[in-house]
There are 2 protein chains.
Amino acid sequence: MPRLNADTRAEIRAAALELFAQRGFVRTSLREIAEQLGITKAALYYHFSSKGELISELVAPLVEDLETFQKRAAEYSAGDDPRPLLETYFDLCHRHRMLFLGLVQDAGVAAELEALTTIIHKRTEVDAVLVGSTEPADLVRATVALGGLQDCVVIFPDEPAEVIKEAAVGAALRALILDR
Amino acid sequence: MPRLNADTRAEIRAAALELFAQRGFVRTSLREIAEQLGITKAALYYHFSSKGELISELVAPLVEDLETFQKRAAEYSAGDDPRPLLETYFDLCHRHRMLFLGLVQDAGVAAELEALTTIIHKRTEVDAVLVGSTEPADLVRATVALGGLQDCVVIFPDEPAEVIKEAAVGAALRALILDR
DNA sequence: GTCTATAACGCGATAGAC
DNA sequence: GTCTATCGCGTTATAGAC
């Protein structure tokens, strides 16, 4: 029988986004999404031709926002104040944080052995030590510093480590330290 | 028939680590790892009782290094120079960069639609604009700044956005700007 | 527009021969 | 120590009834 609510497609998007953020894209099956809505897997296929298409539709607004942001960034010249750009980028990430959460959930797939949980837990403890505080506003500095270092090894895996290390540690230091 | 090389177990570890770094943990099947070595999936099971055990063995050295690092970090007091700690953390990440690469590959599972590739590409362009250079040593500053911002929305998804934003943008600004 | 039923596939994992 | 063969499962995806 037809369901009462008209916009099943939008309902599917919403339910999927929530489950993806909680469990990641990989470990969320179409069956789970369908069950959450009280419809069947096959019914879902009526609305979306594949899991990829569903994901694609969820990611599209992020890509669009990024394109807009990129155009704005292209007008930036050395010497301009970068703060507004950084603020916009933060807002963008925050607006799409459900998707980013889904991505990191996926990254933790291997960690059914709890290794990743352990790793994250240890990082958090180190974060607190580095800033001597557990206030979010302080922890953020350590997150940017250590997270930034960590990002560099995956973004520049083939560059000579010494070059990256010097620049990265310098940037991390500045991010970490408030007073000067 | 037995293979000529004695240390099959180590060979499996090496092949697995390489494939995991290239394609992620999720999308690398035991069959692929076995084929790369010219053995069968079943033979692999003689050496490792499960995929989890194989991954676990690869991740163990990272966890060990993190534990050592954490102990050292615990001796750090506010006011000490954080640089040595940051350098050690970078070295640690760099030493285990194959594993980190595997984790981000997993995160890109959803992106068979190439959305993630698009996203990363756009980020790289913005990075270059922000520092007005394509030199790795400069790009690193943008990576730490924008990567740090991005990390914050997944690390603190439930904190009030304004609190996180102010601290994060501040840290990103300091990471980005060299001269002061 | 939604359902039931099922096909087709790849995965991790196991059994047993050699 | 490695093989062939196969199981059981969850998955994406399709066909056809209502």
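We name chains A, B, ... by the order of the sequence lines, and we start the count at 1 in each one. As the structure is a prediction and not an experimental result, all values here were calculated from the model.
Salt bridge present: B/Glu87 and B/Arg83 bring a charged side-chain N and a carboxylate O closer than 4.0 Å.
A distance-only check finds a donor-acceptor pair linking the side chain of B/Arg97 to the backbone of B/His94 [under 3.5 Å]. When atom types are taken as modelled, the side chain of B/Ser49 and the backbone of B/Tyr45 share no donor-acceptor pair closer than 3.5 angstrom.
Distance CZ (B/Phe25) to P (C/dC11): 17 Å, rounded to an integer number of Å. Straight-line distance from the CG atom of B/Leu37 to the P atom of D/dT2: 10 Å, rounded to whole Å. Computed from coordinates, the B/Glu35 CD to C/dC11 C1' distance equals 14 Å when rounded to whole Å. Per the geometry, CZ belonging to A/Phe48 stands 15 Å off C1' belonging to C/dT2, to the nearest Å. Nucleotide D/dT11 holds its C1' atom 16 Å from the CZ atom of B/Arg27, rounded to whole Å. Distance CD1 (B/Ile39) to P (C/dC18): 21 Å, rounded to an integer number of Å. To the nearest angstrom, P of D/dG10 lies 11 Å from CD of A/Glu32. Between the CD1 atom of B/Ile33 and the P atom of C/dC11 there is a distance of 11 Å, given to the nearest Å.
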Self-check item: Evaluation steps, salt bridge (charged side-chain N to carboxylate O under 4.0 Å, His left out), between B/Glu32 and B/Arg23
Solution: CA-CA 11 Å; B/Glu32 285 174 295; B/Arg23 315 174 32 84; 3.3 Å; yes

Practice problem: Go through the steps for B/Glu67 and B/Arg72 under the test salt bridge (charged side-chain N to carboxylate O under 4.0 Å, His left out), then give the verdict. | Solution: CA-CA 9 Å; B/Glu67 265 159 16; B/Arg72 211 187 118 183; over 6 Å; no

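As judged by a 4.0 angstrom heavy-atom cut-off over every strand, B/Thr40 is placed among the base-contacting residues.
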Please tabulate the protein-to-nucleotide N/O contacts below 3.5 Å involving nucleotides 13-17 of chain C, giving atom names and distances.
unit_1, atom_1, unit_2, atom_2, d
C/dA13, OP2, B/Tyr45, OH, 2.6
C/dA13, OP2, B/Lys51, N, 2.9
C/dA13, O5', B/Tyr45, OH, 3.0
C/dA13, N6, B/Lys41, NZ, 3.2

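An OP1 or OP2 oxygen of D/dG10 is reached within less than 4.0 angstrom by no side-chain nitrogen or oxygen of A/Arg31.
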Considering only distance and modelled atom types, tabulate donor-acceptor pairs under 3.5 Å from the side chains of residues 160-173 of chain A, sequence neighbours left out.
unit_1, atom_1, unit_2, atom_2, d
A/Lys165, NZ, B/Asp91, OD1, 3.0
A/Lys165, NZ, B/Asp91, OD2, 3.0

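Partner of A/Asp127 under the side-chain contact (heavy atoms from CB on, under 4.5 Å) criterion, chosen from A/Val140, A/Asp138, A/Leu139: A/Leu139.
Remark on DNA chain C: of its neighbouring residues A/Leu44 and B/Thr28, the 5'-side contact belongs to A/Leu44, judged by nearest-heavy-atom nucleotide.
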